[in-house]
Amino acid sequence: MAATDYTPDDIEAFIACLEEAIASGARRVTFMSAGTRREVEYNSLNDLLRAIDYWKAKRPSYERPSLTTLASFSSF
């Protein structure tokens with residue numbers, strides 16, 4: 001199944017699982033996709049972080065966080 005076949009909810013669930021694995025110090029991630037249980041063991045923290053970046057890039061454009069930055073300055 002290609003990454004484009006996943007729903008936005010699937011993608012968010014993958015990201016959440018990966019973030020939870022990082023927070024708990026785990027390298028093995030288990031999740032459900034299309035009714036199938038899947039398990040992936042990552043070799044390193046760097047691999048987990050790259051997986052998060054990959055899935056965040058696969059979010060539909062309407063799901064991506066805004067990159068707009070607002071700033072204000074004042075002089076005293």
Side-chain angles (χ1 to χ4, degrees):
M1 184 178 278
T4 56
D5 294 338
Y6 294 110
T7 68
D9 288 340
D10 288 338
I11 292 170
E12 293 306 316
F14 298 157
I15 292 168
C17 287
L18 292 164
E19 289 173 340
E20 186 176 324
I22 289 172
S24 68
R27 291 185 307 153
R28 182 173 293 157
V29 179
T30 304
F31 55 92
M32 293 294 290
S33 171
T36 303
R37 181 180 177 273
R38 300 177 189 270
E39 185 173 289
V40 178
E41 185 167 347
Y42 293 88
N43 293 318
S44 66
L45 173 61
N46 191 43
D47 288 344
L48 283 160
L49 293 170
R50 284 191 309 205
I52 289 172
D53 288 343
Y54 172 84
W55 286 110
K56 284 183 176 181
K58 297 299 177 189
R59 284 176 170 157
S61 59
Y62 59 86
E63 293 283 329
R64 292 187 185 146
S66 172
L67 298 178
T68 303
T69 303
L70 300 176
S72 64
F73 301 93
S74 61
S75 57
F76 296 98

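Since this is a predicted model, take the numbers as computed values, not measurements. The residues of the chain are indexed from 1 along the displayed sequence.
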Enquirer: Quick one: ring-ring contact (aromatic ring centres under 6.0 Å, His included) pairs with a partner in residues 9-28, sequence neighbours left out?
Expert: Y6-F14, F14-F31, F14-W55

Enquirer: A26: which residues meet the side chain to side chain contact (heavy atoms under 4.5 Å, CB included) condition with it, sequence neighbours left out?
Expert: A21, S24

Enquirer: Could you measure the distance from the SG atom of C17 to the CD1 atom of I52? Nearest 0.5 Å is fine.
Expert: 10.5 Å

Enquirer: My understanding is that only residues two or more places apart in sequence, or in another chain, count here; which of them pass side chain to side chain contact (heavy atoms under 4.5 Å, CB included) with D9?
Expert: T7

Enquirer: Indicate the atoms forming the closest heavy-atom contact of N43 with R27, along with that distance.
Expert: O-NH1, 3.0 Å

Enquirer: Restricting to side chain to side chain contact (heavy atoms under 4.5 Å, CB included), what partner residues turn up for D53, sequence neighbours left out?
Expert: none

Enquirer: Tell me every residue that passes salt bridge (Lys or Arg N to Asp or Glu O under 4.0 Å) with R28, counting only those two or more places apart in sequence or in another chain.
Expert: E39, E41

Enquirer: Check whether any side-chain heavy atom of Y54 lies under 4.5 Å from a side-chain heavy atom of K58, and answer yes or no.
Expert: yes

Enquirer: With E20, which residues qualify under salt bridge (Lys or Arg N to Asp or Glu O under 4.0 Å), at least two apart?
Expert: none

